[in-house]
Amino acid sequence: MTSNKNGSLTCVGVGITLGAHLTPIARSHIEQADVVFSLGNTGLMKQWLLGINSNIIDLQSYYQQGKPRSLSYQQMQHALLEPVRAGKKVVAAFYGHPGVFVTPSHKAIAQAKDEGFQAKMLPGISAEDCLIADCGIDPGRTGSASFEASQFIRYHKQIDTSAYLFLWQVSVVGDTRLTKFATDKEYRALLIEVLQRNYPDDHPIIIYQAATIATEQPRIEHMPLHHLLDVKLHPESTLVVTPIYNMRKDEMIEKRLLSLDKSKLKQSLTSITNDS
């Protein structure tokens with residue numbers, strides 16, 4: 001197959017709150033595209049994008065109950081690259097950030113570059129950005145760790161209980177075959193069991209969901225850890241585990257920092273004295 005190297009691929013994020021989070025540069029790319037692929041959490045996103053560009057193709061149809069998401073991702077990747085190879089200016093607009101839990105964007109960009117096409121990603125406001133704002137969490141204050149929920153229970157992760165823990169896609173925790181839209185309580189019980197290695201049964205957690213339209217309020221539901229088994233979860237639900245311990249200083253490093261400060265101060269005073 002002969003490829004037209006004038007084709008290009010740009011993956012953009014439309015943010016979480018529809019119509020409110022789109023950056024000017026992302027909007028410009030959508031407006032100027034020959035074809036725009038759309039992948040969002042509701043049908044509203046496609047309808048909204050039609051107001052910016054009339055040539056919208058919805059990727060949501062590639063998802064089906066029981067169908068491995070890995071296959072869906074491969075098909076999406078192929079769909080994105082086909083018009084690129086035909087010389088089209090292609091934009092793929094994803095819900096949230098196009099690089100956060102979006103496999104097709106990363107794979108399609110890498111393949112497009114390998115084939116000699118221009119390809120890039122433009123950031124968007126992610127669910128984590130909304131979580132930080134809505135829940136009043138400053139990751140710079142205590143630190144934070146962020147994991148996909150199934151990955152968290154399947155692998156040995158080093159947990160810092162003095163920092164916030166964000167677990168994504170908890171509604172499908174344990175779905176190792178990537179074929180389900182939700183998993184049963186038995187899978188969620190495994191997540192609770194893993195968390196109880198570091199947190200007590202009544203430790204405070206938060207179930208969070210960002211507002212997807214401006215008239216909605218975010219879901220910020222506080223509860224003890226053991227209530228996680230019965231709480232209603234959605235695909236957009238995120239689990240926030242709050243810190244349990246205060247940060248502990250490394251006394252050896254503290255002494256070395258103090259020594260460095262004194263040394264630098266002495267050097268500075270000596271330099272001032274010599275200059276005068």
Side-chain angles (χ1 to χ4, degrees), residues 10-33 36-63 69 76 80 91-106 120-141 144 146-149 164-172 181-182 205-223 231-242:
T10 304
C11 294
V12 306
V14 303
I16 301 298
T17 303
L18 193 61
H21 289 170
L22 186 66
T23 64
I25 190 170
R27 184 183 184 96
S28 175
H29 278 274
I30 293 171
E31 290 173 339
Q32 298 174 31
V36 177
F37 289 90
S38 167
L39 185 60
N41 60 339
T42 68
L44 288 175
M45 181 172 156
K46 179 182 177 182
Q47 296 303 313
W48 173 71
L49 285 170
L50 282 168
I52 305 176
N53 188 309
S54 61
N55 193 8
I56 306 294
I57 299 175
D58 195 349
L59 293 170
Q60 194 68 32
S61 60
Y62 288 104
Y63 286 128
R69 286 195 291 280
M76 290 178 193
L80 295 180
V91 167
F94 295 96
Y95 171 73
H97 191 299
V100 179
F101 294 104
V102 186
T103 299
S105 61
H106 288 287
K120 64 182 178 180
M121 180 181 292
L122 298 177
I125 292 177
S126 69
E128 185 169 13
D129 297 319
C130 296
L131 184 157
I132 288 168
D134 290 334
C135 296
I137 293 171
D138 180 3
R141 185 168 177 268
S144 64
S146 182
F147 302 106
E148 194 273 335
Y164 282 92
L165 175 63
F166 304 148
L167 296 179
W168 307 95
Q169 299 182 338
V170 287
S171 67
V172 290
F181 292 145
I205 62 171
I206 302 169
I207 299 298
Y208 173 78
Q209 285 174 221
T212 57
I213 58 176
T215 55
E216 289 181 345
Q217 292 296 318
R219 177 187 182 186
I220 306 173
E221 191 172 342
H222 297 262
M223 65 190 69
V231 70
K232 185 177 179 64
L233 296 177
H234 301 277
E236 300 83 14
S237 299
T238 299
L239 172 61
V240 179
V241 184
T242 61

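All values derive from a computational prediction rather than experimental measurement.
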Interatomic spacing from [atom1] in [X] to [atom2] in [Y] - rounded to 0.5 Å:
{"X": "Ile137", "Y": "Ile206", "atom1": "CD1", "atom2": "CD1", "answer": "5.5 Å"}
{"X": "Trp168", "Y": "Thr238", "atom1": "CH2", "atom2": "OG1", "answer": "4.0 Å"}
{"X": "Ile57", "Y": "Met76", "atom1": "CD1", "atom2": "CE", "answer": "13.0 Å"}
{"X": "Ser38", "Y": "Gln47", "atom1": "OG", "atom2": "CD", "answer": "9.5 Å"}
{"X": "Ile30", "Y": "Leu22", "atom1": "CD1", "atom2": "CG", "answer": "5.0 Å"}

Ignoring hydrogens and geometry, is there a side-chain-to-backbone donor-acceptor pair from [X] to [Y] under 3.5 Å?
{"X": "Thr17", "Y": "Ala211", "answer": "yes"}
{"X": "Asp134", "Y": "Ile220", "answer": "no"}
{"X": "Ser105", "Y": "Pro98", "answer": "yes"}
{"X": "His97", "Y": "Gly13", "answer": "no"}
{"X": "Ser237", "Y": "His234", "answer": "yes"}
{"X": "Tyr63", "Y": "Phe181", "answer": "no"}

Quiz item: What do you reckon, is CG of Leu50 surrounded by more than 12 foreign heavy atoms closer than 6.0 Å?
Solution: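 Above 12, so yes.
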
Practice problem: Applying side chain to side chain donor-acceptor pair (under 3.5 Å) between Gln209 and each of Glu216, Arg219, Gln217, Glu221, report the one that passes. | Solution: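 In the set Glu216, Arg219, Gln217, Glu221, the residue that makes a side chain to side chain donor-acceptor pair (under 3.5 Å) with Gln209 is Arg219.
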
